[in-house]
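Only one structure is covered here, and it is reproduced in the block below.
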Amino acid sequence: MFPYLCHHMNKEVRTRFAPSPTGGLHLGGVRTALYSYLYAKKHAGTFVLRVEDTDQTRYVEGAEKYILDCLDWCGIAPDESPLKSGPYAPYRQSERKPMYKQYALQLIENGHAYYAFDTPEDLEKMRMDLKSEKNPSPQYDHSTRMQMKNSLTLTTEEVNELLAKNTPYVVRIKMPSNETISFTDMIRGEINNDSNLVDDKVLLKGDGMPTYHLAVVVDDYLMKITHAFRGEEWLPSAPVHIKLWDYLGWKNEMPQWAHLPLILKPDGNGKLSKRDGDRLGFPVFAMNWFDPKTNETTIGFKEIGFLPEAFINLLAMLGWHSGEEKELFSKDELIAVFSMERVHKGGAKFDYEKAKWFNHEWLKAISEDRCMMSVKPILESKGIVIQDDAYLLKVIRAVKDRCTLLNDFYTQSVYFFETPKSFDIDAIKPKWNDDKTAFFHELMSQCATIKNWNAVELETIFKDIATAKNIKMGELQMPFRIMLVGGKFGPGVFEIAEMIGKESTFERVKLVLGML
RNA sequence: GCCGCGUUGGUCAAUCGGUUAAGACGCCUCCCUUUCACGGAGGAAUGACGAGUUCGAUUCUCGUACGUGGUACCA
């Protein structure tokens, strides 16, 4: 029925995420990886990570490991990667360097590419000479290539001589003239480009490394990639890739393209960047990123207290929608319902409030054990000593609904473990009087004889004394809360008192009484 | 400048020619709660603009505007 689709339908689905190891892993990058992962898993396929480290000048130590760690944390670890080798190794383009040149040469041989010997100065001169108001950025293309120093304008002998003398050169694609280059994008449908407007992109650089354009085509072919997802910023260079697949004779093996919409900054306009996060106070990287060049650490979603479940859930919903009202999806549910037909075309502004809402929902959804596993190390890292997991579990139950991020558990539960370091005295001092001081002394003396310290009994005694002394409960509960918690928050006071025990309760009451 | 892509409430979005134009986040009000949350019930708020096609356009076509991406020996 659709013969042109058959070659894809019969193949094992293979998708890839191909980041450059140049820094922190951005939200948009994780989402590209996530969609690639979901698509592959939905079709029982393979998800590959290929490191695009062809630009040696931008290489950052540690970035590759970091990216793998991020994917791991998100639960979308690749099936094949530099660390988990597979049938198409190596998975680093720098290690694949010897593989690219032959294809560049093949293109030259077939007349679809050419040697270019222009120096950076030559290029600069051409651009300066041709630059005008109408044409602010002149290109190396069909209109200019015959004025440049390349194997199209030089004789074969001249070219061979330059080559023999090891003259630096690049290989450029020779874009065709007067041709409409078309392809079908999974998200956007048919896209057409005028070949005259596309420049002769460099394929092989002076250092022998391929550019992205050559490498992505060669590697997607060699690695048998069937579906290639990438950011929308690649759309303008897609025609170059389309022609490359064609010229290399691999047209029938070309993957289906999907150019994902951009994630935009919440205010104003433009692509979301690390700077926006710094400015607006939210992370844009998946995990903490330590930049060895600046010695600066940028906060990540993980470290600020996001659950990986929530993180991929919110990312999935940023640019995709199931069509139903359900918004909370586990990874497995996403795999089941994900479809490219429901990916949006337009960019989406990132909304941190909504992101936090997802985490809050996930916090409610996960098991108490799971929650404890995540929270315990956070509390311990802040110096809280946890002797009893059963007690921790009770604390978590008591404060869970009040927490949005994992780190909130600290402020919401420190007072269960230690005496508050500060008390919001201003909240009670103005209305304080001797009657109230007497109330608390009476409370302690009556409680001293309690055999079974618990919230119900404490509350009864508390109320009885209040009634006897004719003081409103509200006037007493708040001070009591401040004494135990330090501030105006937390679960019911009597419940807190029961949990921290009689001794701690009295200790804190006396402490604050002394401050009034 | 040129080229590509996009445009439903403040934000994420449903709708695939006929609806009172869903739902969620956020915001506001009320209830619950003598704290902060959770929860519950309500509310305000939307099809960029202009043509055309059609009995009928948010939906299809064209134009305009706006936004965004690209225009490197960076990816």
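Order of the sequence lines fixes the chain letters, A, B, ..., with proteins taken first and strands second; residue numbering starts at 1 for each chain. In what follows, every heavy atom counts, from backbone to side chain, and hydrogens, waters and symmetry copies are set aside.
In this structure, the side chains of A:Ile366 and A:Trp362 come closer than 4.5 Å at one or more pairs of heavy atoms.
In this structure, A:Tyr169 and A:Tyr115 have perpendicular ring planes: the angle between them is above 60°, well past the 30° mark.
Among the atoms of the strands shown, base atoms are found under 4.0 Å from some heavy atom of A:Val170. Using a 4.0 Å heavy-atom cutoff across all strands shown, A:Gly319 reaches sugar-phosphate atoms only and no base atom.
Residue A:Thr54 places at least one side-chain N or O closer than 4.0 Å to OP1 or OP2 of B:A75. OP1 or OP2 of B:U15 sits under 4.0 Å from a side-chain N or O of A:Arg342. For A:His360 and B:C38, the shortest distance from a side-chain N or O to OP1 or OP2 is not below 4.0 Å. Residue A:Arg58 has no polar side-chain atom (N or O) positioned under 4.0 Å from OP1 or OP2 of B:A75.
Partner of A:Lys243 under the side chain to side chain contact (heavy atoms under 4.5 Å, CB included) criterion, chosen from A:Met175, A:His112, A:Lys174: A:Met175.
For CD of A:Glu61, the number of neighbouring non-hydrogen atoms (other residues, nucleotides, ligands) closer than 6.0 Å is 12 at most.
B:C30 takes the anti form, because its glycosidic angle lies more than 90° either side of 0.
Within 3.5 Å, no donor on the side chain of A:Lys201 pairs with an acceptor on the base of B:A72, nor the reverse. On a pure distance criterion of 3.5 Å, no polar donor-acceptor pair joins the side chain of A:Arg188 and the base of B:C5.
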